[in-house]
Amino acid sequence: QQQQQQQQQQQQTSPLSQQQQQKQLEELVAAFKEMDSNNDEKISKSELLEFFKSVGVDDLPDALWERSDVDQDGFISWTEFVDAQQQQSQPTNQLSQREREEAAFHSIDADKDGKVSKSELGDFFKSSTGEEMTDEFWDESDLDNDGFLSWEEFASDVNSKEEQKQEPRDEL
């Protein structure tokens, strides 16, 4: 009887699983086609950058490109695209935490000099929160007090603020 129940469960979940797999494949095909703007069945770095810009990310994280263009021919083939998606533990088209941080850093770095000025961070803060950035926030972020945030300072600041959010707060 237990075997019969297991077989029935497998029969009930198999079509759903196949439907989910079919849907995932359709989503992968659609994403690939959207990125492959010239329809040559491969994605160039410029096509991927244009796709990122269309979804609000100004720069392509180098780590994402390097991980995806396995044969280093300057293009992401369908096979490389699928392999890259399968390697990610996140859902399709999700970036790793570091890749999101890199994309945010490059997006905030308006003059593309590889560092974020107080003005650039202030502009970003105002546009994303609607509020002015405080001097205290800047002082906590600019660890070496050089008037700019390096990538290391930015990543350290983002990670420390994430840890503060996750710490349990004592209730009175």
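Computation of the quantities below employed the complete heavy-atom set of this structure, encompassing side-chain atoms and omitting hydrogens, waters and symmetry-equivalent molecules. Keep in mind the model is a prediction, meaning the values are calculated, not measured.
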Begin from the C-alpha positions of Ser37 and Glu47 and carry the test side chain to side chain contact (heavy atoms under 4.5 Å, CB included) through to its verdict.
-> CA-CA 6 Å; Ser37 59; Glu47 286 174 317; 3.4 Å; yes
Checking side chain to side chain contact (heavy atoms under 4.5 Å, CB included) for the pair Ile76/Trp65: CA distance, chi angles, key distance, verdict?
-> CA-CA 8 Å; Ile76 298 172; Trp65 180 259; 3.4 Å; yes
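The hydrophobic clustering, which links ILVMFWY residues whose side-chain heavy atoms are closer than 4.5 Å, places Phe148 and Leu121 apart. Using a 4.5 Å cut-off between side-chain heavy atoms of Ile, Leu, Val, Met, Phe, Trp and Tyr, with links allowed through other members, Leu48 and Val29 fall into the same hydrophobic cluster. If you chain together hydrophobic residues whose side chains sit under 4.5 Å apart, Trp138 and Phe154 fall into the same group. Both Trp78 and Met35 are assigned to one and the same hydrophobic cluster, defined by single-linkage of ILVMFWY side chains at heavy-atom distances under 4.5 Å. Note on Phe51: it clusters hydrophobically with Leu28, by side-chain heavy-atom contacts below 4.5 Å among ILVMFWY residues.
Atoms NZ and CD, on Lys45 and Glu50 in that order, are 14.0 Å from each other to the nearest 0.5 Å. Distance CG/Leu143 to CG/Leu149: 8.0 Å, rounded to 0.5 Å. The CD atom of Glu34 lies 12.0 Å from the CD atom of Glu27; values are rounded to the nearest 0.5 Å. Distance check: Ile43 CD1 to Phe75 CZ gives 11.0 Å after rounding to the nearest 0.5 Å. Within the model, atoms OG of Ser117 and CD1 of Ile108 stand 10.5 Å from one another, a figure rounded to the nearest 0.5 Å.
Taking a 6.0 Å sphere around CG of Asp111, one finds it holds more than 12 heavy atoms contributed by other residues, nucleotides or ligands.
Looking at Glu140, its side chain never comes within 3.5 Å of a backbone N or O of Phe137 through a donor-acceptor pair. Distance alone, capped at 3.5 Å, places no donor-acceptor pair between the Asp109 side chain and the Val116 backbone. A donor-acceptor pair under 3.5 Å is formed between the side chain of Lys112 and the backbone N or O of His106.
Screening Asp146, Asp135, Asp142 for a salt bridge (charged side-chain N to carboxylate O under 4.0 Å, His left out) with Lys118, the sole residue that qualifies is Asp135.
Ser46 and Ser44 are linked by a side-chain donor-acceptor pair at a separation below 3.5 angstrom, with hydrogens and angles left out of the test.
Salt bridge Lys126/Glu132: present, at least one basic N to carboxylate O contact under 4.0 Å.
Residues Glu102 and Trp151 are in side-chain contact: their nearest non-hydrogen atoms beyond the backbone lie under 4.5 Å apart.
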